[in-house]
Amino acid sequence: MILGKIRLITEWDMLGNNKQEIANVNNSLVQQANGDINNYGLGYNDVKEICRDVLRQELAIVTKEATNTLNQEISTFENQFINRLEKLENPHVIDKLKTPKLQFVLHDTMKEFAKTDNLDTKEELVELLIERLKINEHSTEQILIDDAIKIIPKLSLAASYFLGALTQRKVASQGYAFIVNDSLKTQAALYEHLDELTNLDILYLKKTNLICN
């Protein structure tokens, strides 16, 4: 995964010890609490339906051949997305997909997912959407993630690594060198593609305010 891309990670409180999440055979999420089983929220089949619905317009405007490809991309996204949803400690966040705001974010994520051929970028988009579900609304993290979903697929590999290298230098210069030192071998990968960086990459990064003049 491209190390230069920004991933925002937030922590969520664990559910109480007297509760246990399980999934029934119908792909609907259920909660077991004090011996009682209660259905709540969206199930994974509901998530699949929402994914199809938010891209229904795109399916209607592309050619038949392109529709087949787009359907394959949607299916791949659904599988990756649901696989990550299953690992969430707090499945209640899935219910955010009922809201128009999150459906717009889902739409943008799926469009960018379908448009890119880069597997790392596809994985990063799914991870960003998961983080977007977990964070509070009207927060700085929300704004950053919403922007990142649209910007990341437009960055070249060299530009992504360049941003990562700049970030690591800034972290080290601010007195957090131990963070960099703990993963020097991994961080070295950031510099592998910097010789491919072009003036056009720099201009684009400046235009999108990812770096300052």
Side-chain angles (χ1 to χ4, degrees), residues 1-9 44 47-88 96-97 101-135 141-167 186 189-211:
M1 186 175 296
I2 297 175
L3 296 173
K5 295 177 179 176
I6 300 174
R7 178 177 300 169
L8 300 171
I9 302 175
Y44 297 131
V47 173
K48 289 184 178 181
E49 287 299 318
I50 291 174
C51 289
R52 296 284 166 171
D53 285 342
V54 298
L55 280 190
R56 195 171 300 281
Q57 179 179 353
E58 282 73 14
L59 287 167
I61 63 177
V62 298
T63 64
K64 181 179 180 180
E65 292 77 10
T67 298
N68 294 334
T69 301
L70 183 53
N71 274 317
Q72 292 175 2
E73 291 289 344
I74 294 175
S75 295
T76 301
F77 175 86
E78 289 172 351
N79 291 336
Q80 292 188 22
F81 186 38
I82 289 175
N83 180 59
R84 287 293 289 108
L85 288 175
E86 290 175 340
K87 298 176 182 179
L88 289 178
K96 290 185 178 181
L97 292 173
K101 180 182 294 186
L102 262 297
Q103 288 185 12
F104 279 124
V105 176
L106 176 63
H107 176 270
D108 291 339
T109 306
M110 293 183 69
K111 277 190 66 176
E112 297 300 337
F113 185 97
K115 286 163 59 178
T116 183
D117 295 325
N118 187 286
L119 297 180
D120 286 334
T121 300
K122 289 179 182 291
E123 182 178 350
E124 189 72 23
L125 286 168
V126 174
E127 291 296 328
L128 283 170
L129 182 57
I130 291 295
E131 296 301 326
R132 179 63 176 81
L133 287 173
K134 292 162 61 178
I135 63 174
E141 289 88 349
Q142 176 214 314
I143 297 171
L144 288 173
I145 290 178
D146 287 353
D147 287 344
I149 286 172
K150 297 177 182 178
I151 293 174
I152 282 177
K154 297 178 176 65
L155 296 179
S156 67
L157 182 64
S160 298
Y161 275 71
F162 178 60
L163 287 176
L166 288 179
T167 301
T186 302
L190 292 172
Y191 299 88
E192 290 180 358
H193 296 271
L194 292 189
D195 59 345
E196 302 169 12
L197 195 69
T198 67
N199 289 334
L200 192 59
D201 288 318
I202 299 297
L203 287 173
Y204 182 77
L205 292 174
K206 289 181 178 179
K207 180 181 178 181
T208 53
N209 295 318
L210 293 174
I211 61 174

Heavy-atom pair with the smallest gap, counting every atom of Leu125 and Thr109: O-CG2, 3.7 Å
Is it true that a side-chain atom of Gln142 and a backbone atom of Arg132 form a donor plus acceptor pair closer than 3.5 Å? no
Could you report the tightest heavy-atom contact between Pro153 and Thr121, atom names first, then the distance? CA-CG2, 4.0 Å
Distance col, row Glu58:CD vs Thr67:OG1, nearest 0.5 angstrom, shows 11.0 Å
Is Arg52 close to Asn71 at the side-chain level, that is, under 4.5 Å between some pair of heavy atoms? yes
Considering only heavy atoms from C-beta outward, does the side chain of Glu131 approach that of Glu141 to under 4.5 Å? no
CD on Glu78 to CD1 on Ile50, rounded to 0.5 Å: 11.0 Å
Please report the shortest heavy-atom distance between Leu133 and Leu102, naming the atom on each side. CD2-CD1, 3.7 Å
Does some side-chain heavy atom of Ile74 sit less than 4.5 Å from a side-chain heavy atom of Leu59? yes
Leu70 side, atom CG; Ile61 side, atom CD1 - distance, nearest 0.5 Å: 9.5 Å
Considering only NZ, NE, NH1 and NH2 on the basic side and carboxylate oxygens on the acidic side, decide whether Asp53 and Arg56 come within less than 4.0 Å. yes
Quick test of your reading of the model: are Glu127 and Arg84 salt-bridged, counting only N-O distances below 4.0 Å? yes
In this structure, CG of Leu55 is separated from CG of Leu106 (nearest 0.5 Å) by 7.5 Å
A quick test of your reading: do over 12 heavy atoms of other residues, nucleotides or ligands sit less than 6.0 Å from CG of Asn199? no
Distance check, rounded to the nearest 0.5 Å: Gln103 atom CD versus Cys51 atom SG? 10.0 Å
Heavy-atom closest pair, residues Lys154 and Glu112: NZ-OE2, 3.6 Å
Is the closest side-chain heavy-atom distance between Lys122 and Val126 below 4.5 Å? no
So do the side chains of Phe81 and Ile130 get within less than 4.5 Å of each other, counting heavy atoms only? yes
Heavy-atom distance under 4.5 Å between the side chains of Leu129 and Phe113, does that happen here? no
d(Asn79 CG, Lys48 NZ) to nearest 0.5 Å is 6.0 Å
Shortest non-hydrogen separation from Lys96 to Ile135 and the atoms involved: NZ-O, 2.7 Å
Between Ile82 and Tyr44 the two heavy atoms that sit nearest each other are CD1-O, 3.7 Å
